[in-house]
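Below: one structure, written as structure tokens.
We use all heavy atoms of the structure for the numbers below, so side chains are in, but hydrogens, waters and symmetry mates are not. Every number for a ligand or one of its atoms is a count from 1 in the order of the listing.
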Amino acid sequence: MRWSQTLIPTMKEVPSDAEVPSHQLMLRAGLIRQLMAGAYTYLPLGYRSIRKASDIIRQEMDKAGAVELFMPALQPIELFERTGRKEAFGNVLINFPIRRRDNELHMALGPTHEEVVTDLMSKLINSYRQLPITVYQIQTKFRNEERPRFGVLRTSEFLMKDAYSFGTSIEQLDESYQKMYDAYCRIYSRCGLEYIPVEAESGPIGGDASHEFMIPAKNGEDSIVRCESCGYAANLERADTGRKQPELAGKSSATEVATVETPGLGSIEAVAEFLKIETSQMIKTLIFLADEKPVGVLLRGDHEANEGKIRRALNVTALEMADEETIKNVTGAAVGFAGPTSLKCSFIVDHDVAAIVDGVTGANEVDKHLTGVNPGRDFEVQETFDLRDAENGDPCPRCDGTLSFVHGIEVGHVFKLGTKYSTALEAEYLDEKEKRHPLIMGCYGIGVNRIIAGLAETCHDENGLIWPMTVAPYEVELIPLNVKDDDVMKHANRIYDELLAAGVDVLMDDREARPGFKFKDADLVGIPLRVVVGGKGLKDGIAEVKWRKGGDAERIALADVTNHVAELVREEKNRL
Ligand code: ATP
Ligand code: MG
């Protein structure tokens, strides 16, 4: 491709509304342009990278035995009503009525395709002999994200590779899952991405049933909890801590429980400030509805409740914060004054609460708190649990290392679904004895745009993008220094034609512009290899070949340039 014939609107200025490097650089390098909040056009360079990433994904999916199909983005709302996801998605699900002749139909734009694919399989699968099978597609997804931001990292319309496995047993599911997991690792490596597979909330199957693939990045919206010693990694929702139940034999404290007036102070912070104590001295009492029954959860004041852990500790499926009415019933007070000493429901206790001496807690009376409260002495503690989010410095659950945090961008997610959708949509198969069973499913998603944005976010320097060879819009940028010079253009055009014939993706900057201007744009756009023809080099019979990622320029005889560059491209692609 010749620069003069394509559309690469590079920008010198950093766009004022772009906060993160990927957004700034993708705009400045002419990869994308915004249509409205959360919606972007991919310009030729950006779209070439999207297509290259898609090709790598397809190759690895096919190799893993998945088969490609293509499902409609426009879907009947009934499917989402049957699985309960119309409600679960809420405002995120874009849906609307349309008129067709005299009928009004209600449609949704697919945020993912579990419903459509399960409905499809309910019609196509009869027998265990047809299983297992994994299907996939690369299709646009629609989500009315509350806050679309960071350029194409979070948009209301994006490309997802989504795959779905169907099988007859947990063993088949485990095998399909492992194949997808391994394919994901190869995809991200080949795309030149640094990635961390992290354990994620597992849902109905439990155990090790879900992983997210994260790109470690300063501006990532997700928190990854990691142990440097053993490599344990989990997202914040899932991360266990290696904390143990402390000694529960009562630490004796001479301080007696006293009631203090805390008028209008219903928050941990307000009470701590008022009493001039640390929030870690407070015992936070949260009231939940667990499978519709009220239950208290005791945490240290400075800690955050982890709903997944609470659900597991209580062995319940549904957990939500209790409503005001329930809180009044079990505490006898307004919200903000709950405490364990006279609670009218059972409660569970986090490990760290048991270690508090002379704590402060709600008195179950409006505008009153208790001081000098000691676990074990003033309320019963028989057992303690891990109920809070992991924190920096917590012990690792797997080894004797400590946990720390890294920020990450989620680029993929693999999940053992089980039979949630197949039960709701009656997708069943007949076993050897002609008995019906729901299909056992897994689902596997990759954000294609996030691969590109994630690369832009993590592979750049102060001058611009630095693409890996495999997903770079072009592999080689050829720069004739002076396009008015016939000798320069004779060699440049020959090398250009030869590179094309050798199957190399080459972009020639044939613009009539100063060399410095072209070099700046080349750095900004970030094509991995640069070939410069002209100037003193031409007189010496050489072209300069240089990597965007750094290092010295090589001087290569003009006649050898094509072979040399084609070989470098091939080697670099194989390396990834
Ligand atoms: P997030 O937590 O970031 O909102 P998610 O967990 O809802 O993502 P999944 O339903 O697991 O996303 O979708 C699979 C993949 O699709 C994600 O791993 C991510 O890479 C990508 N993705 C999800 N939402 C968006 C979005 N709004 N814009 C771009 N890519 C997205
Ligand atoms: Mg996810």
List, pair by pair, the atoms of ligand 1 and of the protein that are both N or O and lie under 3.5 Å apart, giving the separation rounded to 0.1 Å.
unit_1: ligand 1; atom_1: 3 (O); unit_2: R154; atom_2: NH2; d: 2.8
unit_1: ligand 1; atom_1: 3 (O); unit_2: R450; atom_2: NH1; d: 3.0
unit_1: ligand 1; atom_1: 3 (O); unit_2: R450; atom_2: NH2; d: 3.0
unit_1: ligand 1; atom_1: 4 (O); unit_2: R154; atom_2: NH1; d: 2.9
unit_1: ligand 1; atom_1: 4 (O); unit_2: R154; atom_2: NH2; d: 3.3
unit_1: ligand 1; atom_1: 6 (O); unit_2: E410; atom_2: OE1; d: 3.4
unit_1: ligand 1; atom_1: 6 (O); unit_2: E410; atom_2: OE2; d: 3.3
unit_1: ligand 1; atom_1: 7 (O); unit_2: R143; atom_2: NH1; d: 2.9
unit_1: ligand 1; atom_1: 10 (O); unit_2: R143; atom_2: NH1; d: 3.2
unit_1: ligand 1; atom_1: 10 (O); unit_2: R143; atom_2: NH2; d: 2.9
unit_1: ligand 1; atom_1: 11 (O); unit_2: E410; atom_2: OE2; d: 3.3
unit_1: ligand 1; atom_1: 11 (O); unit_2: H413; atom_2: ND1; d: 3.2
unit_1: ligand 1; atom_1: 12 (O); unit_2: R143; atom_2: NH1; d: 3.4
unit_1: ligand 1; atom_1: 18 (O); unit_2: E410; atom_2: OE2; d: 2.7
unit_1: ligand 1; atom_1: 18 (O); unit_2: G412; atom_2: N; d: 3.3
unit_1: ligand 1; atom_1: 20 (O); unit_2: E410; atom_2: O; d: 3.0
unit_1: ligand 1; atom_1: 20 (O); unit_2: V411; atom_2: O; d: 3.4
unit_1: ligand 1; atom_1: 20 (O); unit_2: G447; atom_2: N; d: 3.3
unit_1: ligand 1; atom_1: 27 (N); unit_2: E145; atom_2: OE2; d: 2.7
unit_1: ligand 1; atom_1: 27 (N); unit_2: T155; atom_2: O; d: 2.9
unit_1: ligand 1; atom_1: 28 (N); unit_2: T155; atom_2: N; d: 3.2
unit_1: ligand 1; atom_1: 30 (N); unit_2: R450; atom_2: NE; d: 3.4

Give me the one residue out of L289, L314, D291 that meets side-chain contact (heavy atoms from CB on, under 4.5 Å) with L319.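 Result: among L289, L314, D291, L314 is the only option passing the side-chain contact (heavy atoms from CB on, under 4.5 Å) with L319.
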Please determine whether a side-chain nitrogen of the Lys or Arg among [X] and [Y] lies less than 4.0 Å from a carboxylate oxygen of the Asp or Glu.
X: K549; Y: E572; result: yes
X: R548; Y: E477; result: no
X: R388; Y: E304; result: no

Return the set of residues passing ring pair (Phe, Tyr, Trp, His ring centres under 6.0 Å) with F142 (not counting sequence neighbours), or none when no residue passes. none
Heavy atoms, side chains only, cut-off 4.5 Å: are P111 and K141 in contact? no
Do V152 and I452 have side-chain heavy atoms sitting under 4.5 Å apart? no
side-chain hydrogen bond (donor to acceptor under 3.5 Å, both in side chains) between K161 and Y184: does it pass, once the steps are laid out? CA-CA 11 Å; K161 185 290 299 174; Y184 276 36; 2.7 Å; yes
Could you name all protein N, O or S atoms found under 2.8 Å from the Mg ion (ligand 2)? E410 OE2, H413 ND1
Sequence neighbours left out, what passes side chain to side chain contact (heavy atoms under 4.5 Å, CB included) with F405? Give chain and number order. S223, V225, L236, N392
